[in-house]
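The structure under discussion appears below in the form of structure tokens.
Predicted model, so just to flag it, every value in this text is computed and none were measured.
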Amino acid sequence: MPKNSKVVKRELDDEVIESVKDLLSNEDSSDDAFKKSELMVDDQEEKDVDVEEGSDVEDERPAWNSKLQYILAQVGFSVGLGNVWRFPYLCQKNGGGAYLVPYLILLLIIGIPLFFLELAVGQRIRRGSIGVWNYISPKLGGIGFASCVVCFFGALYYNVIIGWSLFYFSQSFQHPLPWNQCPLVKNASHTFVEPECEKSSATTYYWYREALNISSSLSESGGLNWKMTICLLAAWVMVCLAMIKGIQSSGKIMYFSSLFPYVVLLCFLIRVLLLNGSVDGIRHMFTPKLEIMLEPKVWREAATQVFFALGLGFGGVIAFSSYNKRDNNCHFDAVLVSFINFFTSVLATLVVFAVLGFKANIINEKCVIQNSEKILKLLKIGNLSQDMIPHHINFSSVTAEDYNLLYDIIQKVKEEEFDSLGLKSCQIEDELNKAVQGTGLAFIAFTEAMTHFPASPFWSVMFFLMLVNLGLGSMFGTIEGIIAPIVDTFKVRKEILTVICCSVAFFIGLIFVQRSGNYFVTMFDDYSATLPLLIVVTLENIAVSRMYGIDKFMEDLKDMLGFSPSQYYYYMWKYVSPLVLLCLLAASVVQMALSPPGYNAWVEEKATEEFRSYPTWGMVVCISLIVLAMLPVPIVFMVRRCNLIDDSSGSLASVSYKRGRIIKEPVNLEGDNTSLIHGKSPSEVPSPSFGKNIYRKQTGSPTLDTAPNGRYGIGYLMADMPDMPESDL
């Protein structure tokens, strides 16, 4: 019954009371089990209870302490490391400021509508991903299990990145920073700079050799890196302690973990804007390259980034929204969180480009000094004439403008011999055009820039603490996407399940802290999430718009929100979003097929990365990650399609949903026709309305037949109310 139908409720009050009296008058006095059960005529709309057979315990579903706590949780989950090191890279690579146009368009087409959809189903059904999709479309119930598997795969390697950040955080409490300069090697005769570091850079050497102690290939394990193993253990302990009480414990941490990154980003932006070259970086970011915007690749990457930035398909969005009140305005939440996510990405991009501009300015100054010294040597040996040097140029303090003038003059005069002189152009744009993303941005480019900051240890501590908080916020949502559905479905204790989940994940995660662990992180990032998540979200959209029915879903939203959502969402969910998702899925499959499967291995002798193909067993692992993630979908479909599980067996198939709580059906329903609604099997029985529970005996039946097991059937037919909109949610 819709919760807003107050008039209908008053009209039926007398009939409900009489119905209760009739039921009680037919009670078998010798049936103790029935006496212990409850007949609910619920007038408390806000109260959600668990009622299980033979139990008199009412177990309320956890709820957020405040709307702010919930918004911070969703923001913390959606705003993650990708906003800091993925979005700026895509912006730099795909046309600067012009990239924001396709990103915003796709945010409106697939981002906000699909985010709204996940928030709505979670809030309405009040279950985790398994319960939600089992209820929306039982044959597509495997979507929830697939979502849990993808969450688990993602958590395995995502927490490794938090471990890396913890390691750098712990090493930042010293001056100078340990990656400030190359280490010196001493032998019997003399001291020299480490060759591997001299060929690369101090920060690159520190990342690959000191932090990861990386091996030369995926096949060369090299044993555990004990420093990173301890950091990984610390990361999982933090996650476990924060999540052990569910949102009661993690919700309070959200106030810090979600807000602290914004404080750090704003502090970084203000500080960097006071440094030389930062404006050059920001100008480079906002200089649009409109011709690039027309390339299909740009739109595909923008769609993928929108998709992952909001955390769609992981189950965390659904899990968090399931703890909301049922009349919460989740449409407002969807728009708010989506745009907070977008503006966070823009803020992070400003900071990154400002820092990279400062770094490029320093590198450019070194380039000018080194090449000015080359010109002086060429003047001394007579390869260049003093007449071509402008009189105002002083070689003791050559500016970038003076050097560029010199470079142009020498290039014109010595056109044929110019290449042999070995002079470089020293342009800031050349440095800014070097696209860096992921760990290369956070642990190499950014750390190098911070070594030139005044009070560099302080900024290093702040930066890596920010990365830890960004990672933890996303991990809370990811773990909740695993824990909540399992607890809802199988009724296990959340504390025990959380400890088991984190412990198992830590031991499996040891493969990521071997010396070859970085290559496994790349493998999992490329194959365990991208394609499976695209399939999951595509099936989610199809399940709601086609299997459940978009018209029925819009009615449910009207009943829940108190107003009708814009028809814009109707057309997005029914036509546009599925089409865009299918195109994106096809493009991703083609891209994956055309791109040679491999990884970038660190070659110690050359002190550089080199692309290598995966070995045969590596390809098997890559394919297995995709197959394992998607396997629950066809398995559940075939089980439901072929009725391989007996619905009366008390198994998972016999779980139905009532007021957002799980109720197991009685195990013996043979001969009890009143337990079936419209002749459907228990697994196909639609859930009662989430409004008030009003039951009455079937018209024309003065008494109720007792079920063979000595209890009344659970299927008392709901009162026929033709004036009320029918809702399966």
* To do: For residues Ile482 and Pro485, report the shortest heavy-atom separation together with the two atoms involved.
  => O-CD, 3.4 Å

* Atom pair OG/CD1 of Ser503 and Ile508 - distance to nearest 0.5 Å -> 11.0 Å

* Structure fact -> Between the CG atom in Leu533 and the CZ atom in Phe308, the distance rounded to the nearest 0.5 Å is 5.5 Å

* Asked: Between Leu336 and Val75, does a side chain to side chain contact (heavy atoms under 4.5 Å, CB included) hold up when you go through it step by step?
  -> CA-CA 9 Å; Leu336 178 64; Val75 169; over 6 Å; no

* Asked: When rounded to the nearest 0.5 angstrom, what is the spacing between CE in Met243 and CG in Leu497?
  -> 10.5 Å

* Minimum side-chain heavy-atom gap Ile112-Val335 below 4.5 Å -> yes

* Asked: Any side-chain heavy atom of Val150 within less than 4.5 Å of one from Phe145?
  -> no

* Please examine the side chains of Leu531 and Leu585, heavy atoms only from C-beta on, and report whether any two atoms are closer than 4.5 Å. => yes

* Would you say Asn65 and Lys252 make side-chain contact, with heavy atoms under 4.5 Å? -> yes

* Asked: Any idea which heavy atoms bring Val504 and Phe152 closest together, and the distance?
  -> CG1-CZ, 4.2 Å

* Asked: What do the steps show when you test Asn134 against Arg640 for side-chain hydrogen bond (donor to acceptor under 3.5 Å, both in side chains), and what is the final call?
  -> CA-CA 10 Å; Asn134 185 62; Arg640 295 284 169 82; 2.7 Å; yes

* Structure fact -> Sorted by chain and number, sequence neighbours left out, side-chain contact (heavy atoms from CB on, under 4.5 Å) with Val590 holds for Leu594

* Using modelled atom types only, decide if a donor and an acceptor are shared between the side chain of Ser147 and the backbone of Ile143 within a distance under 3.5 Å. => no

* Look at Arg124 together with Asp559 and state whether they make a salt bridge at an N to O cut-off of under 4.0 Å. => yes

* Criterion side chain to side chain contact (heavy atoms under 4.5 Å, CB included) on Val621 and Met523, from CA distance to verdict -> CA-CA 9 Å; Val621 173; Met523 177 190 292; 3.4 Å; yes

* Where Met554 and Gln567 come nearest, the two heavy atoms and their spacing -> CE-NE2, 4.2 Å

* side-chain contact (heavy atoms from CB on, under 4.5 Å) partners of Trp299, counting only residues at least two apart -> Pro102, Ile105, Leu106

* Distance (rounded to the nearest 0.5 Å) between Trp573 CH2 and Leu117 CG -> 5.5 Å

* **Note, Leu557 side chain near Ser564 side chain (heavy atom, < 4.5 Å)** => no

* Donor-acceptor pair, Ser566 side chain versus Tyr569 backbone, under 3.5 Å? -> no

* Asked: Would you say Ser137's side chain and Trp133's backbone share a donor-acceptor pair under 3.5 angstrom?
  -> no

* **Working for side chain to side chain contact (heavy atoms under 4.5 Å, CB included), residues Ile136 and Met547** => CA-CA 8 Å; Ile136 292 288; Met547 307 294 287; 5.7 Å; no

* **Partner residues of Glu480 under the salt bridge (Lys or Arg N to Asp or Glu O under 4.0 Å) criterion, sequence neighbours left out** => Lys494

* Grab the two heavy atoms, one from Ser577 and one from Ile109, that are nearest each other, plus how far apart they are. => OG-O, 3.1 Å

* To do: Give a yes or no on whether the backbone of Gly122 and the side-chain of Arg127 come within a donor-acceptor separation of less than 3.5 Å.
  => no

* Find the distance between CE (Met475) and CZ (Phe77) and round it off to the nearest 0.5 Å. => 10.5 Å

* Considering non-hydrogen atoms only, spot the tightest contact between Ala629 and Val149 and give its length. => CA-CG1, 3.7 Å

* Using the six-membered ring wherever Trp is involved, compare the ring planes of Tyr571 and Tyr575 and label them parallel, tilted or perpendicular (cut-offs 30° and 60°). => parallel

* Asked: Is Tyr548 close to Asp556 at the side-chain level, that is, under 4.5 Å between some pair of heavy atoms?
  -> yes

* Do any N or O atoms from the side chain of Gln591 and from the backbone of Ala587 form a donor-acceptor pair under 3.5 angstrom? -> no

* **Heavy-atom closest pair, residues Asn541 and Leu581** => OD1-CD1, 4.0 Å

* Who pairs with Leu628 by side-chain contact (heavy atoms from CB on, under 4.5 Å), at least two apart in sequence or on another chain? -> Phe153

* Run the side-chain hydrogen bond (donor to acceptor under 3.5 Å, both in side chains) check on Asn83 and Thr344 step by step: do they pass? -> CA-CA 7 Å; Asn83 296 75; Thr344 303; 5.7 Å; no

* Residues Tyr323 and Asn328: side-chain donor-acceptor under 3.5 angstrom -> no

* Asked: Distance-only, no hydrogens or angles: does the Asn341 side chain make a donor-acceptor pair with backbone N or O of Ser78 under 3.5 Å?
  -> yes

* Asked: Do Tyr570 and Lys574 have side-chain atoms, one donor and one acceptor, less than 3.5 Å apart?
  -> yes

* To do: Evaluate the side-chain proximity of Leu584 to Arg300: yes if any heavy-atom separation is below 4.5 Å, no if none is.
  => yes

* Heavy-atom distance under 4.5 Å between the side chains of Ser474 and Leu81, does that happen here? -> no

Taking distance alone, no hydrogens or angles, what donor-acceptor pairs closer than 3.5 Å link side-chain atoms of residues 310-321 to residues at least two apart or in another chain?
unit_1, atom_1, unit_2, atom_2, d
Ser321, OG, Leu119, O, 3.3
Ser321, OG, Val317, O, 3.2
Ser321, OG, Ile318, O, 3.1

* To do: Taking atom CZ of Phe507 as the centre, report whether more than 12 heavy atoms of other residues, nucleotides or ligands fall under 6.0 Å from it.
  => no

* To do: Could you tell me the separation between the CE atom of Met254 and the CZ atom of Phe476, rounded to the nearest 0.5 Å?
  => 5.5 Å

* Asked: Regarding Tyr70 and Gln74, is there a side-chain donor-to-acceptor distance under 3.5 Å anywhere?
  -> yes

* Heavy atoms of other groups near Tyr568 OH, more than 12 under 6.0 Å -> yes

* **Those residues that, when tested against Asp333, pass salt bridge (Lys or Arg N to Asp or Glu O under 4.0 Å) (two or more places apart)** => Lys67

* Expected output: side-chain Asn159 to main-chain Ile162 donor-acceptor under 3.5 Å -> no

